[in-house]
There are 2 protein chains.
Amino acid sequence: MANAIRNRMQLHQQNIQSVLAQVFNHQPISRIEISRNLALNKSTVSSLYKDLKELGYVEELGEGEASNVGGRKPVLLAINRRYGYTLNFDFGYRHLHIMQNNLSGDILSYSQVNVKNLTLNQILPLIDEQIEKAAKMGNTSHGLLGISFAIHGTVDRNQVTYSPFLIMDDVDLAKRFTEKYQVPVLLENEANAAVVYERDFNASNEHLNNILTISVHRGIGAGLIINQSLYRGTHGEAGEIGRSLQVGAGADNNTKKVEDYCSEDAIINQISEAKDNIPLNRQDVVELYQQGDEVTSRAIATFVENMAKIIVNTTNSFDPDAVFLNSPLIESLPELTSRIETAYQAMVPSISIPIKLTKNSHYATLLGGCALVTRQVLDMEDFKLNFAAQANV
Amino acid sequence: MANAIRNRMQLHQQNIQSVLAQVFNHQPISRIEISRNLALNKSTVSSLYKDLKELGYVEELGEGEASNVGGRKPVLLAINRRYGYTLNFDFGYRHLHIMQNNLSGDILSYSQVNVKNLTLNQILPLIDEQIEKAAKMGNTSHGLLGISFAIHGTVDRNQVTYSPFLIMDDVDLAKRFTEKYQVPVLLENEANAAVVYERDFNASNEHLNNILTISVHRGIGAGLIINQSLYRGTHGEAGEIGRSLQVGAGADNNTKKVEDYCSEDAIINQISEAKDNIPLNRQDVVELYQQGDEVTSRAIATFVENMAKIIVNTTNSFDPDAVFLNSPLIESLPELTSRIETAYQAMVPSISIPIKLTKNSHYATLLGGCALVTRQVLDMEDFKLNFAAQANV
DNA sequence: TAATTAGTTTGTTCAAACAACCAACTCACA
DNA sequence: TGTGAGTTGGTTGTTTGAACAAACTAATTA
C-alpha cells in the first residue's frame, strides 16, 4: 500500500489500464460490457477507450450480435493484432527455441535452431539472424516490441546469476539486445516462465491463486505463483528445490542434493552406469523402459517414488492450488504422471493437491516469456491478463 | 488488480486509511508531515484527518517543536490509546498465555495461566475469566475490540483444521467468542503469528519484503511473509515443513518426517531413550548440556546439523531476506544460534541469508496475533502498519 | 519587523457520474 | 410488410465532489 494511487490523474491512468485489461481478457468485447464488468459508467468507458485507441493497442472488429430482445448491435473491441510482435527465446541443451507472438499472445511462428556444443558467443549471431528474419516480414505497424530469454539457471535483476549448462562468458544479454534493438529485453528462469504460462495461458487455471510448477530437466527447479503473481524470491532464487539436502542423513551426507537423485540427467546416468557406462540419451531410456528393461524400470520406479516425495515436500511448504510437472522425460512416458500422483497420495494424510502434466513444455516456457515481456510492453505488470483465448497451440 | 479502486469515493476512503496508516506508523506526527509523505495537499490531509477524528481512532497530543528557522508549531497527532484494547491468547503446552494491548499495540498486561493436562472445555471458562477481568478495568472508551488465538496447528478460514497437541472437541472458537463478546475473533497458526511479529514489531525488519520464521516447539513449522504480506497457502498449510520427507531414502523410509528428527520433543525423546527412558523436560536437557553430558551434547550436535539442513532447504524454496528461529530450546542455549548459522553457511555455496533468533518467543506469538486482529479492527488489512515503536518489551 | 512554517478557508479544477439523447435492433400485431 | 413499442449500445452536455491551489490566519525564530 506504499505506492497506492492517490489523485485523480493516477486513478484515470489506472482506469485506462483496467479498460485495456478488459479488452485483452474478454476480446471481442463491447463498451457496455466493460462498463458492467468494471462498474464504471458507460460514458466513462467510452471516454477511456478513446484514449486507448489513440495509443493503437486496440481496434474495432465490427458489429456483434444484438440482444434477442432487441436493441442496437454492440461494436466489438479487441487488441490490435497488427500493432507489433515480441520474440521469445529458450536456450535448450540441444536447440535454441524461437517463438514470435503478437501483442495478444497469438503464435505467429515457432522454430528451433541446433546449438549443440556451441558457445554463447557462437549462438548470439544466430539470435540476431532470427531477429532480422522476423523484421523482414514487416506486417505490423510497430515491428519488434520486446524480447524474452528463458534461462536454465537463476536470474536476478535481469542478469544471469547462475548458469550450470551454458557458460555465459560475461555476456550481459539484456544490455546487448536492448542497445541493439531498442526494445525491452527480459531474462527469466525457465521454471518461472513455465509457471507464468500456467497462470496466463491456461483458462482452467484462471481462479487459482497459488500455482507450483516443478521442472525436471537437467536439474530440478520450481516456479511459483503466489497470490496470482510470480514469486521470484529476494535474489531470484525461490524454488531452487533441486539443491535441497536430506535431513537426518548424517553429517557424512551433507552434499547429496535432490537433483542428484532425480533430475533427468541423474536417471539417465544411473541407468548408464548400471549398463557399463554405455552413453544414453532420453530417447534411449524411453525405449529401454518400453521394452521392459529391468534396470530401467527399477530406476524409473525409484524416480517415481522420489518425485512423489519432492511433491510432498514442496506442497507442504507452499500449499498451492495445483502442481504442474514440466518434464520432457515424463512427457515421453505419460503413464508416469498417474504413477507419481498415486505414490504422492499414498504419502499425504488428508489434503491432496491435484497434479497435472504440462504438455509441450518448450511451448510453455516460450509462452511464459511472451506473457512477461508483453506485460512490460503494455505497462500492465500488475494486471491480470488472460492469454488463454489466444493460445491456439 | 481485480478489486482495484475505480471511483472518487473509493479513492477518498483509501486516502483516509492512508492518513490513519501515517499516524499509526509515525506517531507523533503533524498534518504537514503526512501531507509531504503522501504527496497530498495539506488542506486535503486536514480534511481527511477530520473524518478520522470523528471515528475516535486518533487524537491530538499537543504541540511539537517549531522549525529552527521560525514558524508555527505543529500539532502532533497519534493513535488514541484509550480507544479500546485487544486480547490475545496463545495455547501453550503448559500455560495459556494472555496479553492485553491497546489499539496502538502497546502491552497493557501479560499473564499466564497453568493449563497442563486440562481439556479445551476446561480451558474455555478460564479464558472467559480473563476477558471479564480485563473488562472490569474499564479504562477505555470502547472496551474490548477484538480477540486473537494462536494455534499450535493449522488454521483455515478461521477454523482449526489440525491440532496435534490440544484436542479441539469440535469447539468452534471463533463462533463461540464472537457470539459471546460481539467482536472480531481471529485464529492463526503460531508460526504465522510469529512471522507477522517480525514484520510488524521489529523496526529493523521494516524494509524486508520476504521473511521466514522457523518455529521449533513440539513440532516444526514455518511462517512466511511474501511481498510484505502473510502467505498462508490455499488451505492454510503453507510452511508445514515439519512434515517433509527424505528424498532418496528408499521406499522403506517413507514415513520419517523432518519433525521426527529435530523437533524439541524429538531431541528430548532421543536423550531420554539413551538414558533408559528417564522422563526429561526442556530444562533437564539444558542442564545436562551445560554439565557437558556426552549423550546430550551428541544429540544437540545432530540437532544443529539438521537445523542447518532445514534452513538450507527452506531458504532454497523461499529465498527470503532473513530467517528467524523461534525456539524455546535454542533460546535456552543461545550459543546454538551461531553454531547453526556456521553449519548452514558451510552448506551453501554463494548467497547466505542472515539467521537470527527471536527473543521471548511467547511474546512474539501474542504480539503477532495482536497485529493481525488490530488490522481487522481498524479495517486496515492491506496496509503496512508499524507496531515497532510501541513494542516496549 | 521580516522570514518561515503549520494549519484553515475559500474558490477552482477535472475525471467520473448522470441524464437525456440518438442509433439500431427485436418482436408483436395488424 | 409495415408500424410502433420496447430494448440495448453508445454519445453528448451537464453536474458533482474530492483533491488542489491560493490566499488567508496563527505562531514561531532571528
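Numbers restart at 1 for each chain; the letters A, B, ... are given by sequence-line order, proteins then strands. Values below: every heavy atom of this structure, side chains too, minus hydrogens, waters and symmetry copies.
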So that I can tick it off, tell me whether [Y] and [X] are bridged by a salt bridge, with the cut-off set at under 4.0 angstrom between side-chain N and carboxylate O.
X: B/Glu59; Y: B/Lys53; result: no
X: A/Lys384; Y: A/Asp200; result: no
X: A/Arg232; Y: A/Glu188; result: yes

Once you apply a heavy-atom cut-off of 4.0 Å, does [X] come out as touching a base, just sugar-phosphate, or nothing?
X: B/Thr44; value: base
X: A/Asn41; value: base
X: B/Arg8; value: base
X: A/Val75; value: sugar-phosphate

In whole angstrom, what separates [X]'s [atom1] from [N]'s [atom2]?
X: A/Leu11; N: C/dA17; atom1: CG; atom2: C1'; answer: 13 Å
X: A/Tyr49; N: D/dG9; atom1: OH; atom2: P; answer: 16 Å
X: A/Leu38; N: C/dA16; atom1: CG; atom2: P; answer: 12 Å
X: B/Met9; N: C/dA17; atom1: CE; atom2: C1'; answer: 12 Å
X: B/Ile5; N: C/dA16; atom1: CD1; atom2: C1'; answer: 13 Å
X: A/Arg31; N: C/dA23; atom1: CZ; atom2: P; answer: 16 Å
X: B/Ile32; N: D/dA21; atom1: CD1; atom2: P; answer: 13 Å
X: A/Glu33; N: D/dG9; atom1: CD; atom2: P; answer: 9 Å

Report task. For the residue pair B/Tyr57 and B/Tyr83, categorise the inter-ring angle as parallel (less than 30°), tilted (30 to 60°) or perpendicular (more than 60°). Result -> perpendicular
Under 4.0 Å between a side-chain N/O of [X] and OP1 or OP2 of [N], yes or no?
X: B/Lys73; N: D/dT28; result: yes
X: A/Asn15; N: C/dA16; result: yes
X: B/Ser43; N: D/dC20; result: no
X: B/Ser46; N: C/dT8; result: yes
X: A/His12; N: C/dA16; result: yes
X: B/Arg72; N: D/dT29; result: no

Query raised in the report: Pick the nucleotide of DNA chain C nearest each of B/Arg36 and B/Lys50; which residue has the one closer to the 5' end?
Result: B/Arg36
Query raised in the report: Pick the nucleotide of DNA chain D nearest each of B/Leu40 and A/Pro74; which residue has the one closer to the 5' end?
Result: A/Pro74
Query raised in the report: Strictly under 6.0 Å, is that where the ring centroids of A/Phe149 and A/Phe177 end up?
Result: yes
